[in-house]
Each structure stands twice: as structure tokens, then as C-alpha cells.
A.B. asks: 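Attaching a single structure in C-alpha cells format; questions to follow.
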Amino acid sequence: EKEGKMRKNDRKNNELRPIKFTKDFTKNALGSVLVEFGDTKVITTASVDFSKPKWMDKDAVQGWVTAEYSLLPSSTSTRCKRERTSVSGRTQEIQRLIGRSLRACVDMSKMPIAAISVGIVDEEVRLDLNYEEDSSAQADANVVLTKSGKIIEFQTTAEGESFSQEQMLEIFNTAKNGIDKIISKF
């Protein structure tokens, strides 16, 4: 297994940041979790809206699961603006990734899912990219898998220079190992 040189935060390339899940983080949501990957903190909440999306047939009896995503101002080292009237392409793609992942297995007690970022930084495949690494990655991937290892999302993009099939497989295998560790914490 290739481990490469140590990263700035003394992690090996295939090592996750410390992970913590705090359930019932907010008091008004039907469900909420504070998810922490090192210094990255994500508040997730669940709510119910009894109205149907405009595209759905008015007589349809099924529900719909979707997602919203937003970075707060000062959540990154460079100022990000609050997206009030329209969302950026990146925000829209992240919302879609989350929505597709949720719809793939709504009953989380029967089929847990987890997601992780992986990328090529300084010619090395690295697991669980922090903001600085993600910003400078030659390629980055978002991988969402079920507990049984089935792929929900495997989206990898070269941010400049292309990457090889061997690197793609290393990205996937590194993500799978990280996701197995995340799911074991559920």
C-alpha cells in the first residue's frame, strides 16, 4: 500500500481526519447531526414539507427526498459570499449529489451510506481532503457508497492535467477503505 510522504497535518495519504457525529445537534429539526471531519464541521438537518415538487403529478402518492447545501460566510479561508438569489454550479452539483445519495437509500437503518472526498495532490492520492488540499488538487473525487459497497456516486474530475486508470482505481479503493471506517462509526 502506498503511503507517500506525510501531509501538513501529520496524516498519511490514506488516513482520515478525526471523525465525530453529534446527534440531535439542533432542537427544532426533526433530526439533526453535527458531522465533524477534523476542522470541517457540517450541520445536517431533516425536515418534512408536505407540498409536492412542481414537476410531480398532483395525484402521485409517493414522497420525494431532496437536499439543500450552502457554505456560510467565513467558512473557508477565502471569503465566500452567501448565495441568496441563485446558486453557483458547485453548490448545485453538491446539492444534486446529496439528493441522489439520499434517494438511493432513504431507509438509513437498512442500508447506511457514507461519502468521502479523495483527490490527487502533489501527484499522490489522498483521502478526506481538507479545504486547502481540495483547492489545489490536480483531480478530486466525491464517492458515495452503501454499507455493502455498492456505488451511488463516483464523480471524479481532473482539474487540469488528466489522470490514469490506475490512479482512478486507487482513488476508488482509497475511498472505499475510508467509507468502511466511517460506516463502522454509525
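Quick note: numbers below take in every heavy atom, side chains included, and nothing from hydrogens, waters or symmetry partners. Everything numeric here is computed off the predicted structure, so don't read it as measured data.
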A.B. asks: When you compare the side chain of Met168 with that of Phe163, does any pair of heavy atoms fall below 4.5 Å?
C.D. replies: yes
A.B. asks: Counting distance only, does the side-chain N/O of Ser136 pair as donor-acceptor with the main-chain N or O of Glu132 below 3.5 Å?
C.D. replies: yes
A.B. asks: When rounded to the nearest 0.5 angstrom, what is the spacing between OG1 in Thr44 and CZ in Phe21?
C.D. replies: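 Going from the OG1 atom of Thr44 to the CZ atom of Phe21 covers 9.0 Å.
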A.B. asks: If you look at every heavy atom in Val33 and Phe25, which pair is closest and at what distance?
C.D. replies: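 Between these two residues, the closest heavy atoms are C-CB, 4.1 Å.
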A.B. asks: Looking at Arg17 and Asp39, is any side-chain nitrogen of the basic one under 4.0 Å from a carboxylate oxygen of the acidic one?
C.D. replies: no
A.B. asks: Short question: side chain of Asp122, backbone of Glu124 - any donor-acceptor pair under 3.5 Å?
C.D. replies: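 Flag not set: sc Asp122 to bb Glu124 has no pair under 3.5 Å.
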A.B. asks: Looking at Ala114 and Ile183, what are the two nearest heavy atoms and their distance?
C.D. replies: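 That would be CB-CG1, 3.7 Å.
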A.B. asks: Any salt bridge between Arg126 and Glu15, counting N to O under 4.0 Å?
C.D. replies: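 Salt bridge absent between Arg126 and Glu15.
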A.B. asks: Keeping Asp134 on the side-chain end and Asn130 on the backbone end, is there a donor-acceptor pair under 3.5 Å?
C.D. replies: no
A.B. asks: Going by heavy atoms in the side chains, are Ile116 and Leu16 under 4.5 Å from each other?
C.D. replies: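 Contact flag for Ile116/Leu16 side chains = yes.
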A.B. asks: Taking the side chain as everything from C-beta on, heavy atoms only, tell me whether Asp140 gets closer than 4.5 Å to Val118.
C.D. replies: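 When only atoms from C-beta onward are counted, Val118 and Asp140 do not touch, as no gap falls below 4.5 Å.
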A.B. asks: Do the non-hydrogen side-chain atoms of Arg7 and Lys12 ever get within less than 4.5 Å of each other?
C.D. replies: no
A.B. asks: Any non-hydrogen side-chain atom of Glu36 less than 4.5 Å from a side-chain atom of Ile19?
C.D. replies: no
A.B. asks: Nearest 0.5 Å, please: how far is CD1 in Ile43 from OG1 in Thr26?
C.D. replies: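 The CD1 atom of Ile43 is 7.5 Å from OG1 of Thr26, to the nearest 0.5 Å.
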A.B. asks: Distance from Ser117 atom OG to Leu127 atom CG, nearest 0.5 Å?
C.D. replies: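 It is 7.0 Å, given to the nearest 0.5 Å.
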A.B. asks: Let me confirm one number: the CG-OG1 distance from Leu169 to Thr174, rounded to the nearest 0.5 Å.
C.D. replies: 10.5 Å
A.B. asks: Taking all non-hydrogen atoms of both residues, which atom of Thr22 and which atom of Lys20 are closest, and how far apart?
C.D. replies: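 Heavy atoms of Thr22 and Lys20 come nearest at OG1-CE, 3.7 Å.
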A.B. asks: Specify the closest pair of heavy atoms between Glu133 and Val121, including all atoms of both residues, with the distance to one decimal.
C.D. replies: O-CG2, 3.8 Å
A.B. asks: Quick one: are Phe37 and Val42 in side-chain contact, heavy atoms under 4.5 Å?
C.D. replies: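 They are not in side-chain contact.
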A.B. asks: Measuring only between side-chain heavy atoms, which start at C-beta, is Gln167 closer than 4.5 Å to Ile120?
C.D. replies: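 They are in side-chain contact.
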A.B. asks: Going hydrophobic residue to hydrophobic residue with side-chain gaps under 4.5 angstrom, can you get from Val143 over to Ile151?
C.D. replies: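 Hydrophobic grouping puts Val143 with Ile151.
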A.B. asks: Does Thr45 form a side-chain hydrogen bond (donor to acceptor under 3.5 Å, both in side chains) with Ser32? I'd like the steps, not just the answer.
C.D. replies: CA-CA 4 Å; Thr45 64; Ser32 65; over 6 Å; no
A.B. asks: One pair to check against side-chain contact (heavy atoms from CB on, under 4.5 Å): Lys150 and Leu145. What are the steps and the verdict?
C.D. replies: CA-CA 5 Å; Lys150 290 187 176 179; Leu145 303 175; over 6 Å; no
A.B. asks: With a 4.5 Å heavy-atom cut-off, do Tyr131 and Thr40 have their side chains touching?
C.D. replies: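 Tyr131 vs Thr40: side chains apart.
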A.B. asks: Any idea which heavy atoms bring Ala115 and Val144 closest together, and the distance?
C.D. replies: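 Heavy atoms of Ala115 and Val144 come nearest at CB-CG2, 3.7 Å.
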A.B. asks: For the atom pair OG (Ser184) and NZ (Lys147), what is the distance rounded to the nearest 0.5 Å?
C.D. replies: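 Separation between the atoms: 9.5 Å.
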A.B. asks: Crowded around Lys41 NZ? As in, over 12 foreign heavy atoms under 6.0 Å?
C.D. replies: yes
A.B. asks: With rounding to the nearest 0.5 Å, note down the distance linking CG in Asp128 to CD1 in Ile179.
C.D. replies: 11.0 Å
